[in-house]
Amino acid sequence: MSQGRKVDFGFGCMRLPVLQADQPDSFDYEKIEQLFDAFLKKGFTYFDTAYTYHGYHAEEAVRKALTERYPRDSFRLATKMPLRDFRDADDMERIFSEQLEHCGVEYFDYYLLHNMGTNVYEKCKKYDAFGFVERKKAEGKIRQIGMSFHDTPELLDEILAQYGGMLDFIQLQINYMDWEQPNVQSRRCLEIAHRYGKPVTVMEPCKGGTLVNLPQEADELLKQARSDKSNASWAMRFAASQEGVTRVLSGMNTMEQIEDNGDTFLNFEPIAPQEQKIIDQVREIIEKNTPIPCTGCAYCTHGCPKNIAIPQYFALFNNVSRTTGSFSSQAAYYNNISLNYGKASDCIGCGQCEKACPQHLPIRQFLKEVAEKFESGTSFPTRK
């Protein structure tokens, strides 16, 4: 390995190659095996999957393409307890047993409480989900316990204050677009994890493709600065350069991605100060190319009779509208936020928000579009 490599690099199994786009479990095993083989040949060993990925079948794909083809000590495997899915303590036991069988292993190197947020935190406390994974670790079925998190810095602080002693690491959404976004707040979440001494694994460093498929102006800016670095490499390097980050994941489905990302981490170059300035310019360009030019001032929320989280919802809408990037993580944030605030569809059309808006935005119309995007009933798959 190159001495310049700063952090570990992991293969995210949320976007594996499939034969038919509308069938998430129609895996292209020949291609998946080629990708896994190439990843391992480069010296990387970390694979991240989950119970719910690919219509609840990704773990089985990992078994067929990885664990049945390689010695157990040649790779490290992470999967996750689906916090929305389990019903009670007994159900956690059932799901965990299924996962061991699905993956074809006797233990998990890393095991996470999946998508922790406001919507599941009370259930986790009620059924002692933290205690459950701690017992599995004591039994030797988990090596390290983690938590993937999609919610506010305040909630992360609360959870770590109460349960941080049980957690070996945190998985956070960190990328240069979400660094200060009010709906994600990557920087603040990372700072809180660091304050509690928790190593951070990064998910969505390219924001589901958003930071790869850039507006032309932004794309040209990066190419002019470093013609030897891809857009993905800029995003990966930004995430990996942050203090406290020990691992970055990427959901790869082409050999080109394996080669490009592999080179980024085998010959790692931290983001230099002058490069950070360019990233800041790129962020401004992306923000300029957004459907809803909301500045996040929140003037519109004061006095809203339905207490709707307007700026947060607009940020989520912009994130999924800029490109063909990931919808699922933004839908998770929408779901979590709407538990404490009115949904976009709760708007009664009083218009006080538009009177208060310094940008003079047609907020009521935008809320209708947000509701159509996030409240269609297709955001979250159910077990088949």
Side-chain angles (χ1 to χ4, degrees), residues 14 48-53 56 58-59 77-100 102-103 107-139 141-173 183-186 188-190 192-193 195-201 203-204 249 328-341 379-383:
M14 187 170 68
D48 172 272
T49 188
Y51 189 72
T52 57
Y53 290 171
Y56 295 85
E59 290 175 334
L77 182 60
T79 194
K80 311 173 184 76
M81 172 62 66
L83 301 183
R84 287 187 295 106
D85 288 33
F86 82 85
R87 296 186 295 270
D88 51 32
D90 290 339
D91 208 34
M92 281 191 286
E93 187 70 53
R94 174 189 65 81
I95 291 172
F96 189 83
S97 296
E98 284 183 13
Q99 291 180 291
L100 290 172
H102 290 166
C103 293
Y107 69 91
F108 296 113
D109 300 279
Y110 302 85
Y111 193 82
L112 298 86
L113 297 174
H114 194 188
N115 190 16
M116 178 65 72
T118 306
N119 58 330
V120 293
Y121 183 42
E122 290 303 317
K123 183 168 78 166
C124 286
K125 289 193 290 185
K126 179 178 180 180
Y127 295 109
D128 193 23
F130 290 93
F132 173 82
V133 291
E134 192 173 43
R135 288 191 295 275
K136 291 302 175 185
K137 183 177 181 180
E139 294 171 9
K141 295 181 180 179
I142 297 173
R143 296 290 188 264
Q144 288 197 34
I145 298 170
M147 173 181 74
S148 67
F149 185 81
H150 286 282
D151 214 298
T152 66
E154 290 77 16
L155 180 61
L156 180 60
D157 196 357
E158 179 183 341
I159 293 173
L160 290 180
Q162 183 69 28
Y163 298 102
M166 301 180 183
L167 297 171
D168 298 301
F169 70 103
I170 307 294
Q171 191 157 302
L172 296 174
Q173 179 170 323
N183 56 294
V184 180
Q185 300 183 71
S186 292
R188 286 190 61 205
C189 286
L190 179 60
I192 289 170
R195 175 152 50 87
Y196 283 90
K198 301 303 174 185
V200 170
T201 292
M203 54 185 165
E204 299 284 1
L249 306 177
S328 59
S329 64
Q330 306 304 312
Y333 278 110
Y334 182 88
N335 183 57
N336 289 335
I337 293 170
S338 67
L339 292 170
N340 292 319
Y341 297 88
S379 300
F380 302 100
T382 55
R383 178 76 177 181

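Basis for what follows: all heavy atoms, side chains included, without hydrogens, waters or symmetry-related copies. Numbering starts at 1 and runs along the sequence shown. For clarity, every value in this text was computed on a predicted model and none was experimentally measured.
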inquiry  = Tell me whether the count of non-hydrogen atoms from other residues, nucleotides or ligands lying under 6.0 Å of OH in Tyr341 goes above 12.
reply    =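 Not buried by this count: 12 neighbours or fewer within 6.0 Å.
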
Do [X] and [Y] meet the criterion of a side-chain donor-acceptor pair at a distance under 3.5 Å?
X: Asp151; Y: Tyr333; answer: no
X: Tyr56; Y: Asp85; answer: yes
X: Thr152; Y: Gln185; answer: no

inquiry  = What's the separation between atom CG in Asn119 and atom CG in Asn335, rounded to the nearest 0.5 Å?
reply    =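 Between atom CG of Asn119 and atom CG of Asn335 there are 5.0 Å.
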
message = Set out, in order, the CA-CA distance, both residues' side-chain angles and the distance that settles salt bridge (Lys or Arg N to Asp or Glu O under 4.0 Å) for Asp168 and Arg143, then state yes or no.
response = CA-CA 9 Å; Asp168 298 301; Arg143 296 290 188 264; over 6 Å; no

query = When the ring planes of Tyr127 and Phe86 are compared, do they come out parallel, tilted or perpendicular, using 30° and 60° as the limits?
reply =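 Perpendicular: the ring planes of Tyr127 and Phe86 meet at over 60°.
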
query = What is the minimum heavy-atom distance between Ala193 and Leu172, and which atoms define it?
reply =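 In terms of heavy atoms, the two residues are closest at CB-CD1, 4.3 Å.
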
Lys/Arg N to Asp/Glu carboxylate O, Arg188 vs Glu154, below 4.0 Å =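 Salt bridge: yes.
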
key: Positive for side chain to side chain donor-acceptor pair (under 3.5 Å) with Tyr51, one of His114, Glu98, His102, Gln99   =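 Of the listed residues His114, Glu98, His102, Gln99, the side chain to side chain donor-acceptor pair (under 3.5 Å) partner of Tyr51 is Glu98.
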
message = Centroid separation under 6.0 Å, is that true for the rings of Tyr121 and Phe149?
response =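 No, the ring of Phe149 stays outside the 6.0 Å limit from the ring of Tyr121, centre to centre.
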
request  = Spell out, as yes or no, whether a donor-acceptor pair under 3.5 Å connects the side chain of Lys123 to the backbone of Leu83.
outcome  =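 Yes: the side chain of Lys123 pairs with the backbone of Leu83.
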
ask   = Going by heavy atoms in the side chains, are Ile159 and Met147 under 4.5 Å from each other?
value =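 Yes, side chains in contact.
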
